[in-house]
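Working notes for the structure below.
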Amino acid sequence: MIHYALKCANDHQFESWFQSAAAFDKLKSAGMVTCSVCGATDVEKAVMAPRVNARPKDEASLTKPKSPSEQALAQLKRHVEENTDYVGGNFAQEARAIHSGDAPERPIWGETRGDEAKKLIEEGVPVLPLPFTPTRKSN
């Protein structure tokens, strides 16, 4: 895996991981590397310093969101984790039970396979994927 700092033609800066330098080049030439802020496909590698594995004085700075979009995602993640019930791998079954009235109505999150998520949508169960992976709640 390789980590690149990227910059779009609209001067938005963001970062992304790629399987290899060749994978980045292939995806970029196919127009599949897009700006995470505006969606532009005119993206170039930005100058970045090599990563040195030194611990920062403030460990929280490692996970602190930097851009407005990262801050919005962090806020959404906090909201989901604080205001929903984690149902783990039973998400599809629990969502169906709530939708049919067999379980109490409440906001939930968990995991399910793609085919199960598609079936839920086809059945009219209101679900949507999260744009992040929440921290699992432990019992």
Side-chain angles (χ1 to χ4, degrees):
M1 295 291 285
I2 190 163
H3 179 247
Y4 285 130
L6 303 170
K7 184 177 177 180
C8 79
N10 296 318
D11 208 30
H12 298 124
Q13 295 187 11
F14 57 101
E15 299 175 356
S16 190
W17 288 90
F18 296 90
Q19 186 175 10
S20 64
F24 168 80
D25 294 336
K26 183 177 179 181
L27 290 168
K28 183 181 179 313
S29 66
M32 296 179 72
V33 178
T34 61
C35 175
S36 62
V37 178
C38 68
T41 57
D42 187 7
V43 174
E44 299 294 330
K45 294 177 198 171
V47 177
M48 68 183 279
R51 182 179 177 119
V52 178
N53 288 333
R55 290 225 182 260
K57 292 179 182 177
D58 178 13
E59 289 282 333
S61 67
L62 289 175
T63 58
K64 184 177 179 184
K66 295 165 185 70
S67 71
S69 57
E70 287 176 332
Q71 291 173 358
L73 279 175
Q75 184 179 6
L76 177 61
K77 180 178 177 181
R78 254 189 325 277
H79 179 80
V80 167
E81 291 174 347
E82 293 171 359
N83 297 288
T84 63
D85 291 333
Y86 174 67
V87 295
N90 296 326
F91 179 81
Q93 297 85 349
E94 194 65 24
R96 280 189 185 93
I98 291 169
H99 184 70
S100 68
D102 294 334
E105 188 168 325
R106 67 195 194 284
I108 61 170
W109 68 274
E111 293 91 30
T112 194
R113 295 186 326 263
D115 61 327
E116 276 296 318
K118 185 176 178 181
K119 286 180 188 175
L120 289 170
I121 293 167
E122 290 168 353
E123 294 168 14
V125 179
V127 298
L128 49 102
L130 297 173
F132 53 83
T133 303
T135 307
R136 291 184 176 162
K137 298 177 182 175
S138 58
N139 294 336

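Atom set for the values below is all heavy atoms of this structure, side chains included, hydrogens, waters and symmetry mates excluded.
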Taking it one step at a time, do E94 and R106 satisfy side chain to side chain contact (heavy atoms under 4.5 Å, CB included)? CA-CA 10 Å; E94 194 65 24; R106 67 195 194 284; 2.9 Å; yes

Treat each ILVMFWY residue as a node, draw an edge where side-chain heavy atoms are under 4.5 Å apart, and state whether V87 and I121 are in one component.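 Yes.
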
Answer yes if V80 and I108 sit in the same cluster of Ile, Leu, Val, Met, Phe, Trp and Tyr residues linked by side chain heavy atoms under 4.5 Å apart, and no otherwise.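 Shared cluster, no.
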
Atom [atom1] of [X]: over 12 foreign heavy atoms under 6.0 Å:
X    : atom1 : value
E122 : CD    : yes
Q93  : CD    : yes
Q75  : CD    : no

Test side chain to side chain contact (heavy atoms under 4.5 Å, CB included) applied to K7 and Q13, step by step: CA-CA 4 Å; K7 184 177 177 180; Q13 295 187 11; 4.1 Å; yes

So [Y] and [X], do their side chains get closer than 4.5 Å, heavy atoms only?
X    : Y   : value
V127 : H99 : no
K45  : L6  : yes
M32  : K26 : no

Which value, rounded to the nearest 0.5 Å, describes the distance between Y4 atom OH and K28 atom NZ?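 Interatomic distance, Y4 OH to K28 NZ, rounded to 0.5 Å: 12.0 Å.
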
Value rounded to 0.5 Å, distance of CZ in R78 from CG in N83: 11.5 Å

Any side-chain donor paired with an acceptor under 3.5 Å for E111 and Y86?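 The criterion, which ignores hydrogens and geometry beyond distance, is satisfied for Y86 and E111.
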
Search all heavy atoms of [X] against all heavy atoms of [Y] and return the closest pair with its distance.
X   : Y    : result
F14 : C8   : CE2-N, 4.3 Å
C35 : C38  : SG-N, 3.4 Å
S20 : I2   : C-CG2, 3.7 Å
N10 : A40  : ND2-CB, 4.1 Å
L73 : P131 : CD2-CG, 3.5 Å
T41 : T34  : CG2-CG2, 3.6 Å

K119/R96 under side chain to side chain contact (heavy atoms under 4.5 Å, CB included): CA gap, chis, key distance, verdict: CA-CA 10 Å; K119 286 180 188 175; R96 280 189 185 93; 3.8 Å; yes

Any donor-acceptor N/O pair, E116 side chain to R113 backbone, under 3.5 Å: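 Not confirmed, E116 side chain does not pair with R113 backbone.
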
